[in-house]
Protein chains: 2
Amino acid sequence: MEASRPDTATRILDVSERLFVEHGFEATSLRMITQQAEVNLAAVNYHFGSKDALFESVFMRRLAPLIASCLAELDELEAREEKLSVESLVTTFIRPCLALSKDPARGGALFVRLLSRTLVENHRLLRETISQQYSVFVQRYSRAFHHALPELGVEELAWRMHFAFSVMFNAFAGNDVLKIFTRSQIVSARDPDMIVKYLVPFVVAGLVSPVEG
Amino acid sequence: MEASRPDTATRILDVSERLFVEHGFEATSLRMITQQAEVNLAAVNYHFGSKDALFESVFMRRLAPLIASCLAELDELEAREEKLSVESLVTTFIRPCLALSKDPARGGALFVRLLSRTLVENHRLLRETISQQYSVFVQRYSRAFHHALPELGVEELAWRMHFAFSVMFNAFAGNDVLKIFTRSQIVSARDPDMIVKYLVPFVVAGLVSPVEG
DNA sequence: ATCAAATTAAAACGTAAGTTTGAAACGCTT
DNA sequence: AAGCGTTTCAAACTTACGTTTTAATTTGAT
């Protein structure tokens, strides 16, 4: 028996996710999407209402579970340990990202790249909808890191978290600044596990480094 | 006497730089550009040939001097010191970025954001033209970091440089992952000098952290 | 002042975009 | 099998895009 063909809406979501990552939102046309999804052009507007609403659907399908996974890991860790290590905190974020990256059924590494693109493109969706729904994400991690690194002031901690999530995020998204300048794809030919092997120590070292006098 | 109005080509470049950053290449139309630059629609194609060529001009106007500044700092440092510290190496990259960020006449922080967008959008320009012209950039930094951190294997060093440039780059571009989830703009309300105060220690700590047994 | 080159201007061209429409096909309950 | 809401389909609509064209204007050297 063959794998049953997903319904129209799902086919549209899957193809859109890939095309939005490859070409960006503006450069991806509904005709490209519907052609590759083998559905009628009007199907997008019928099922989602508009191209903008389609984008939001593509986005939220992956983001909600990812955030939930991170917070679940955080819950579990806080229930298990009294004093949280920075490395274990970092891992609560990295493990769900890693799991997502290795699971083609959930879009694999595609969604992290989409998130990255969307962040840089500064979509209205991010500024409005998501920042309201998931502000708890930052709050939880801020509290946890504050307990793990009590010697850091709030400003310094905010910066270090900013840097830490920035580098983790771009690592999973495969955004290699240096590949701009060189053809070698050594780093970008990414085995997700390899990323973590080098990523965690780097991030932890930056987070725990002693404050300057 | 009033400031003389720049010539048409310059006005187009200035407006394009801002609009490409704000809306991206695809979402920026020649009509938006020429309208805000107060020039005729046909001026873009007359002076630059095409929208693609305009983008390349916008991009190279800033990139070439920035790269040159970094390499000049590197030259100067290598001529002055025998053994290079990681921090001084990091600074050869950060100082030109900082100078650029603080100089509105050269586009200020705009160009770093444009570079960031272009990287994520994976433009043909980056894959082809620039990687050939500026591969020396990566080579120089790779050699310098290898001398400063001889105990690191080539693979581990490549990853750490990848992470280091990633976080520096995103810091200057103002790409704050966490701002997705929270309205507070504490981190993003960026005084460039503040960035450096916290950025350098973070990056250096990650780069020099001991290799794991 | 003149003339050739460079630049600006207005208008139109062909194409592709997102969206809408109305009919046909389908699936399910009765 | 009939009827009805849901979904699919082909086609057309409006709009905006990048680009080209042709003429008007400005510029600069003789």
Side-chain angles (χ1 to χ4, degrees), chain A residues 1-2 4-61 114 117-118 121-125 129, chain B residues 1-61 114 117-118 121-125 128-129:
Chain A
M1 58 184 277
E2 58 180 338
S4 64
R5 163 177 166 141
D7 65 14
T8 301
T10 304
R11 294 178 60 79
I12 291 173
L13 287 174
D14 290 340
V15 171
S16 301
E17 184 172 55
R18 179 169 51 80
L19 291 181
F20 283 153
V21 169
E22 285 177 11
H23 308 105
F25 177 76
E26 299 286 348
T28 301
S29 71
L30 295 185
R31 284 168 175 82
M32 293 166 60
I33 293 172
T34 52
Q35 199 168 321
Q36 295 198 24
E38 298 178 59
V39 301
N40 188 269
L41 170 61
V44 169
N45 283 278
Y46 176 76
H47 285 281
F48 299 95
S50 69
K51 189 187 177 187
D52 278 294
L54 167 63
F55 181 81
E56 183 163 343
S57 294
V58 167
F59 203 85
M60 298 310 279
R61 179 172 70 145
L114 178 63
R117 280 199 83 125
T118 310
E121 288 175 5
N122 200 22
H123 271 261
R124 175 195 49 77
L125 173 64
T129 310
Chain B
M1 58 184 280
E2 59 181 336
S4 64
R5 163 177 166 141
D7 64 15
T8 300
T10 303
R11 295 178 59 79
I12 291 173
L13 286 175
D14 290 341
V15 172
S16 301
E17 184 172 55
R18 180 169 50 80
L19 291 181
F20 283 152
V21 168
E22 285 177 12
H23 307 106
F25 177 77
E26 301 283 349
T28 302
S29 71
L30 295 185
R31 284 169 176 83
M32 292 166 60
I33 293 171
T34 53
Q35 199 167 320
Q36 296 199 23
E38 299 178 60
V39 301
N40 188 269
L41 171 61
V44 169
N45 283 279
Y46 175 77
H47 284 281
F48 299 95
S50 69
K51 190 186 176 186
D52 278 293
L54 166 64
F55 181 81
E56 182 162 343
S57 294
V58 168
F59 203 86
M60 297 310 281
R61 177 171 71 145
L114 178 62
R117 279 199 83 125
T118 309
E121 288 175 4
N122 200 22
H123 270 264
R124 177 193 49 77
L125 173 64
E128 297 171 7
T129 311

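Residue numbers start from 1 in every chain, and the chains themselves are labelled A, B, ... in the order their sequence lines are given, proteins ahead of strands.
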> Between Thr34(A) (side chain) and Asn40(A) (backbone), is there a donor-acceptor pair under 3.5 Å?
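No, Thr34(A) side chain to Asn40(A) backbone: no donor-acceptor pair under 3.5 Å.
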> Going by heavy atoms in the side chains, are Tyr46(A) and Thr8(A) under 4.5 Å from each other?
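Of all side-chain heavy-atom pairs linking Thr8(A) with Tyr46(A), none is under 4.5 Å.
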> Under 4.0 Å from any heavy atom of chain B: name the first and the last nucleotide of DNA chain C that qualifies, 5' to 3'.
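The protein-touched segment is dA6(C) to dA12(C).
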> In this structure, how many angstroms lie between the P atom of dT8(D) and the CG atom of Asn40(A), rounded?
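Rounded to the whole Å, the gap is 9 Å.
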> Applying salt bridge (charged side-chain N to carboxylate O under 4.0 Å, His left out), can you list everything that pairs with Glu17(A), at least two apart in sequence or on another chain?
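Expected list: Arg61(A), Arg62(A).
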> Determine whether a donor-acceptor pair (N or O, by modelled atom type, separation under 3.5 Å) exists between the side chain of Thr10(A) and the backbone of Pro6(A).
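Absent.
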> With His47(A), which residues qualify under ring pair (Phe, Tyr, Trp, His ring centres under 6.0 Å), at least two apart?
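Result, ring pair (Phe, Tyr, Trp, His ring centres under 6.0 Å) vs His47(A): none returned.
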> Rounded at 0.5 Å granularity, tell me how far CD1 in Ile33(A) sits from NE2 in His23(A).
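Atom-to-atom, Ile33(A):CD1 and His23(A):NE2 are 11.0 Å apart.
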> Taking DNA chain C as the partner, which of residues 41-57 of chain A come within under 4.0 angstrom of it by heavy atom?
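Those residues whose heavy atoms fall under 4.0 Å from DNA chain C, taken from residues 41-57 of chain A in numerical order, are Leu41(A), Ala42(A), Asn45(A), Ser50(A), Lys51(A).
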> Under 6.0 Å between the ring centres of His123(B) and Phe59(B)?
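Centroid separation for His123(B) and Phe59(B): 6.0 Å or greater.
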> Just verifying a value: how many Å separate Phe25(A) CZ and Leu125(A) CG, rounded to the nearest 0.5 Å?
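Rounded to the nearest 0.5 Å, the CZ-CG separation comes out at 10.0 Å.
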> What's the CZ-P distance between Arg31(A) and dC17(D), to the nearest Å?
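Value for this atom pair: 16 Å.
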> Expected output is a numbered-order residue list: members of residues 8-30 of chain B with a heavy atom under 4.0 Å from any atom of DNA chain D. What is it?
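Thr28(B), Ser29(B), Leu30(B) - these, ordered by number, are the residues of the stretch whose heavy atoms sit under 4.0 Å from the strand.
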> Would you mind reporting whether Thr118(A) and Phe20(A) have side-chain heavy atoms less than 4.5 Å apart?
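No, side chains not in contact.
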> Determine which pairs satisfy salt bridge (charged side-chain N to carboxylate O under 4.0 Å, His left out) with at least one residue from residues 31-54 of chain A, sequence neighbours left out, and list them in order.
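For residues 31-54 of chain A, and leaving out neighbouring residues, the salt bridge (charged side-chain N to carboxylate O under 4.0 Å, His left out) pairs sorted by first residue read Arg11(A)-Glu38(A).
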